[in-house]
Amino acid sequence: MDVSDSIQEYMKEYMNLWPFSGTIRVVNKGETIFDQSYGMACIEFEVPNRSQTRFSLASVSKQFTAFAVMQLYDKALIDIDRPVNHYLPDELKVDHRITAHHLMSHTSGLTTFHGLDNSFFGDKDKSNYNRRDFLGYFRDHPLHFEPGSRFEYCNAGYHMLAFLVETVTGGSFKDYLEENIFAPLGMNDTVYDDGMEILQNKAYGYSMNNESVVRSEYHNPAYSIGAGGVVSTCADLYKWFLNLKNRKELGENTYLRFFKENANDHCYGLFHDIKYGKSRFYHDGAYLGIGAYMQHFFDDDLCIIVLCNYDFANYSRIGNAISDLIFTGKAHLPIKPAEVVLDEELAMKYEGVYIKDRAQLKRIDNQWKFVHLGRVHKPIYPIGNHQFHSTWLDHSYTLREREDGEFEFLGFRKQV
């Protein structure tokens with residue numbers, strides 16, 4: 001069985017257990033060895049996903065933001081090791097020690113604000129875009145740590161990078177990406193989504209509530225500036241892969257900085273590791289109705305792209321299974337873990353509100369649900385070792401037992 005057939009068989013087995021909707025493309029040494037689409041781009045009108053379907057990329061977009069900044073660095077328009085306040089107007093200034101390097105490497109110390117314990121996600125991100133109010137979510141708060149002292153994944157840093165690009169160039173971030181990256185590379189189906197344009201062939205995003213697939217909740221894409229917002233296709237993303245692999249658009253020293261590992265194996269907009277003894281650059285992205293995952297094996301001329309419009313699909317498991325099949329000839333087939341019966345005392349310790357109106361483990365007639373944001377109900381079941389598995393989805397949750405015998409769920413202690 002060749003690799004293409006192996007991937008096809010894996011996806012057949014996977015989708016017998018778990019849902020997936022999207023497009024997968026694998027290009028090896030310039031040859032497309034797998035190109036398959038699944039599910040619907042629009043369920044309402046029964047429009048299927050195709051290889052030409054556009055998908056939102058969420059945090060996969062960060063590598064474009066970092067590349068834009070490095071273009072400015074390559075032209076000596078900015079110094080990424082100089083405090084960004086040197087380039088920013090007063091209304092955008094941050095802590096005086098923060099540099100573009102800190103922002104790109106997630107070492108700035110700026111506060112994170114997309115978590116469940118913050119009202120931005122699932123609430124304020126639906127409002128009309130206001131940059132001044134937006135800045136207040138992270139700029140007006142104390143730093144989490146000294147700039148450069150440690151790693152903490154932070155969307156705020158990439159928002160600031162987009163504002164930096166706008167300040168230095170005098171134009172919009174959207175226009176800069178489209179005129180200086182997408183158009184020169186021939187990425188004609190790639191755009192920056194500001195929430196205003198009609199984007200033809202773009203897949204609708206879907207979520208799951210109880211046992212039903214539903215339209216994903218609205219969020220204003222303008223709030224994704226720099227950290228997300230790019231919409232693309234598999235074909236265009238392969239052009240992006242070639243750009244990074246061939247290293248012709250920037251100077252050699254600029255590429256060395258772009259790909260250099262910093263804290264936590266993070267470069268600029270990409271993570272790096274050694275997998276199967278091979279050098280791999282990668283990033284994933286997820287948001288409401290969005291899932292994306294790219295793996296760049298530049299030395300092996302291998303590009304693996306998984307794009308989906310189900311925010312509950314386990315795109316990383318699928319992408320990693322594909323690279324397993326290519327490099328080892330085998331991959332772990334998906335399974336559905338068996339349910340276990342919980343001791344009542346333990347069940348009572350699990351059950352409760354972990355974040356008011358945001359995260360609750362609820363039990364009715366021994367049927368468990370994770371109630372997300374107070375309105376999204378995710379059926380789950382216990383599988384042992386303080387773990388629950390989604391009933392319908394390829395996803396599990398682990399509770400952490402504290403020294404006092406209580407439990408944390410999603411990093412938060414039970415409140416009620």
Side-chain angles (χ1 to χ4, degrees), residues 14-15 18-25 36-62 64 114 116 120-129 155 174 189-234 236-237 283-294 305-319 370 372-378 390 392-395:
Y14 185 91
M15 294 181 69
W18 311 115
F20 177 78
S21 176
T23 296
I24 300 171
R25 180 172 292 194
Q36 187 69 48
S37 300
Y38 306 86
M40 294 289 170
C42 177
I43 294 175
E44 292 88 336
F45 289 95
E46 298 184 339
V47 178
N49 282 317
R50 302 174 300 161
S51 61
Q52 299 87 0
T53 300
R54 290 163 146 181
F55 295 86
S56 297
L57 303 184
S59 287
V60 171
S61 306
K62 287 183 171 70
F64 297 101
H114 287 78
L116 274 174
F120 182 80
F121 172 72
D123 185 3
K124 299 298 191 298
D125 63 351
K126 303 179 188 305
S127 63
N128 291 331
Y129 177 72
N155 283 337
K174 171 184 171 67
D189 290 317
T190 302
V191 296
Y192 177 79
D193 184 8
D194 60 4
M196 301 295 289
E197 290 185 54
I198 294 174
L199 302 180
Q200 292 184 332
N201 299 322
K202 179 178 178 290
Y204 283 85
Y206 296 94
S207 301
M208 199 145 188
N209 197 358
N210 284 311
E211 300 177 10
S212 301
V213 175
V214 298
R215 282 290 296 273
S216 61
E217 291 191 1
Y218 170 78
H219 69 281
N220 189 338
Y223 284 115
S224 297
I225 184 168
V230 175
V231 173
S232 191
T233 64
C234 284
D236 273 8
L237 289 175
H283 211 294
D284 71 330
Y287 206 60
L288 299 168
I290 305 170
Y293 186 39
M294 281 195 76
I305 306 166
V306 180
L307 304 177
C308 53
N309 58 324
Y310 282 177
D311 61 16
F312 48 81
N314 198 331
Y315 51 81
S316 58
R317 187 192 303 277
I318 291 170
F370 165 30
H372 185 215
L373 302 177
R375 55 188 179 269
V376 180
H377 296 256
K378 302 182 178 185
S390 172
W392 307 113
L393 312 175
D394 182 15
H395 193 79

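Just so you know, these numbers use all the heavy atoms, side chains as well, and skip hydrogens, waters and symmetry mates. In this text the structure is predicted, and so the values were computed from the model without any measurement.
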State the CZ-CG distance between F20 and N309, to the nearest 0.5 angstrom.
8.5 Å

Can you name the nearest heavy-atom pair linking D125 to Y287, along with the distance?
OD2-OH, 2.6 Å

Electrostatic pair E197:K174 at N-O distance under 4.0 angstrom
yes

Please give me the minimum heavy-atom distance between K126 and R375, naming the atom from each residue.
CE-NH2, 3.8 Å

Least distance between heavy atoms, T53 atom then P48 atom:
OG1-O, 4.3 Å

Are more than 12 heavy atoms from other residues, nucleotides or ligands located less than 6.0 Å from atom CZ of F120?
yes

Can you name the residues that form a side chain to side chain contact (heavy atoms under 4.5 Å, CB included) with D284, not counting sequence neighbours?
Y293, Y315

Does E217 reach the side chain of S207, with side-chain heavy atoms less than 4.5 Å apart?
no

Residue list, side chain to side chain contact (heavy atoms under 4.5 Å, CB included) with S59, at least two apart or on another chain:
K62, Y153, N155, H283

For D311 and G289, work out which heavy atoms get closest and say how close.
OD2-N, 2.9 Å

To the nearest 0.5 angstrom, please state how far the OG atom of S224 sits from the CD1 atom of I290.
7.0 Å

When every non-hydrogen atom of P221 is compared with those of D194, the smallest separation belongs to CB-C, 4.3 Å

Evaluate side-chain contact (heavy atoms from CB on, under 4.5 Å) for L393 paired with K378, printing each intermediate quantity in order.
CA-CA 9 Å; L393 312 175; K378 302 182 178 185; 5.8 Å; no

Are the side chains of P19 and W392 in contact, using a 4.5 Å heavy-atom criterion?
no

Residue E44 excluded, over 12 heavy atoms near CD under 6.0 Å:
yes

How long is the span from the CG atom in L288 to the OH atom in Y206, to the nearest 0.5 Å?
14.5 Å

Between N201 and R50, is the side-chain contact (heavy atoms from CB on, under 4.5 Å) condition met? List the steps.
CA-CA 9 Å; N201 299 322; R50 302 174 300 161; 3.4 Å; yes

Who are the side chain to side chain contact (heavy atoms under 4.5 Å, CB included) partners of N220, not counting sequence neighbours?
Y129, Y218, A222, Y223

Is V191 close to R54 at the side-chain level, that is, under 4.5 Å between some pair of heavy atoms?
yes

Given side chains that start at C-beta, do those of L307 and L57 come closer than 4.5 Å, heavy atoms only?
yes

No-hydrogen, no-angle side-chain donor-acceptor test under 3.5 Å, S37 and T23:
yes

Output the distance between atom CZ (F55) and atom CD1 (I305), rounded to the nearest 0.5 Å.
11.5 Å

Could you walk me through whether S316 and N314 pass side-chain hydrogen bond (donor to acceptor under 3.5 Å, both in side chains), step by step?
CA-CA 6 Å; S316 58; N314 198 331; 3.2 Å; yes

Side chains of V47 and Y204: closer than 4.5 Å at any heavy-atom pair?
no

Nearest 0.5 Å, please: how far is CZ in F370 from OG in S390?
11.0 Å

Could you tell me the separation between the OH atom of Y14 and the CG atom of D394, rounded to the nearest 0.5 Å?
3.5 Å

Minimal non-hydrogen separation, S56 against A292, with atom names
O-CB, 4.3 Å

Ignoring hydrogens and geometry beyond distance, is a side-chain donor-acceptor pair present between T190 and D236 at under 3.5 Å?
yes

